[in-house]
Amino acid sequence: MNQDQIEGTAGDLTGKLKEGFGKATGDQETQASGVADQLTGSVQKTFGDAKETVAETAAPLADRARKFANERPFAAAALAGVVGLAILNTLRGKTSA
């Protein structure tokens with residue numbers, strides 16, 4: 001669990017408490033603020049979930065690339081050169097707007 005997930009969950013919980021307090025006291029402003037806090041917390045938690053998923057997915061790929069580069073340094077250098085040339089050829093002649 002990362003920091004965004006923790007803060008998002010805490011924000012959602014705080015928002016629910018504020019909304020409940022606003023309902024109990026009849027304070028529309030506190031109630032609306034609680035709903036806004038819930039939305040913010042939910043978005044932050046979703047962002048944290050996405051970061052976690054990307055980290056879990058990217059780590060094995062990075063390990064495989066590192067292993068390939070260590071086992072076959074010349075092939076890795078050649079591959080990097082080919083990719084670099086492909087990028088240069090793609091960008092060649094394009095002007096910025």
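Just so you know, these numbers come straight off a predicted model, no measurement behind them. One is the number of the first residue; the rest follow in order along the sequence.
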For the student: nearest non-hydrogen atoms of [X] and [Y], plus distance:
{"X": "Lys18", "Y": "Thr30", "result": "O-CG2, 3.5 Å"}
{"X": "Gln44", "Y": "Glu7", "result": "NE2-OE1, 2.9 Å"}
{"X": "Ala76", "Y": "Ala69", "result": "CB-CA, 3.8 Å"}

Backbone N/O of Gly48 and side chain of Asn2: donor-acceptor pair under 3.5 Å
yes

Looking only at atom types and distance, does a side-chain atom of Thr14 sit under 3.5 Å from a main-chain N or O of Ala10, one as donor and one as acceptor?
yes

Tell me whether Phe68 at atom CZ has more than 12 heavy atoms from other residues, nucleotides or ligands lying less than 6.0 Å away.
yes

Short N-O contact, Asp63 and Lys67, less than 4.0 angstrom
no

Determine, for Asp4 against Lys51, whether the closest basic-nitrogen to carboxylate-oxygen distance falls under 4.0 angstrom.
yes

In terms of hydrophobic clustering (I, L, V, M, F, W, Y; side-chain heavy atoms under 4.5 Å; direct or indirect links), are Val83 and Leu91 co-clustered?
yes

Tell me whether Ile87 shares a hydrophobic cluster with Leu79, the cluster being built from Ile, Leu, Val, Met, Phe, Trp, Tyr side chains joined at under 4.5 Å.
yes

Kindly indicate, with the supporting measurements, whether the criterion side-chain contact (heavy atoms from CB on, under 4.5 Å) is fulfilled by Gln38 and Lys16.
CA-CA 6 Å; Gln38 287 178 55; Lys16 287 179 182 177; 3.6 Å; yes

To the nearest 0.5 Å, how far apart are CZ in Arg64 and CG in Leu61?
6.5 Å

Let me confirm one number: the OG1-CD distance from Thr46 to Gln5, rounded to the nearest 0.5 Å.
9.5 Å

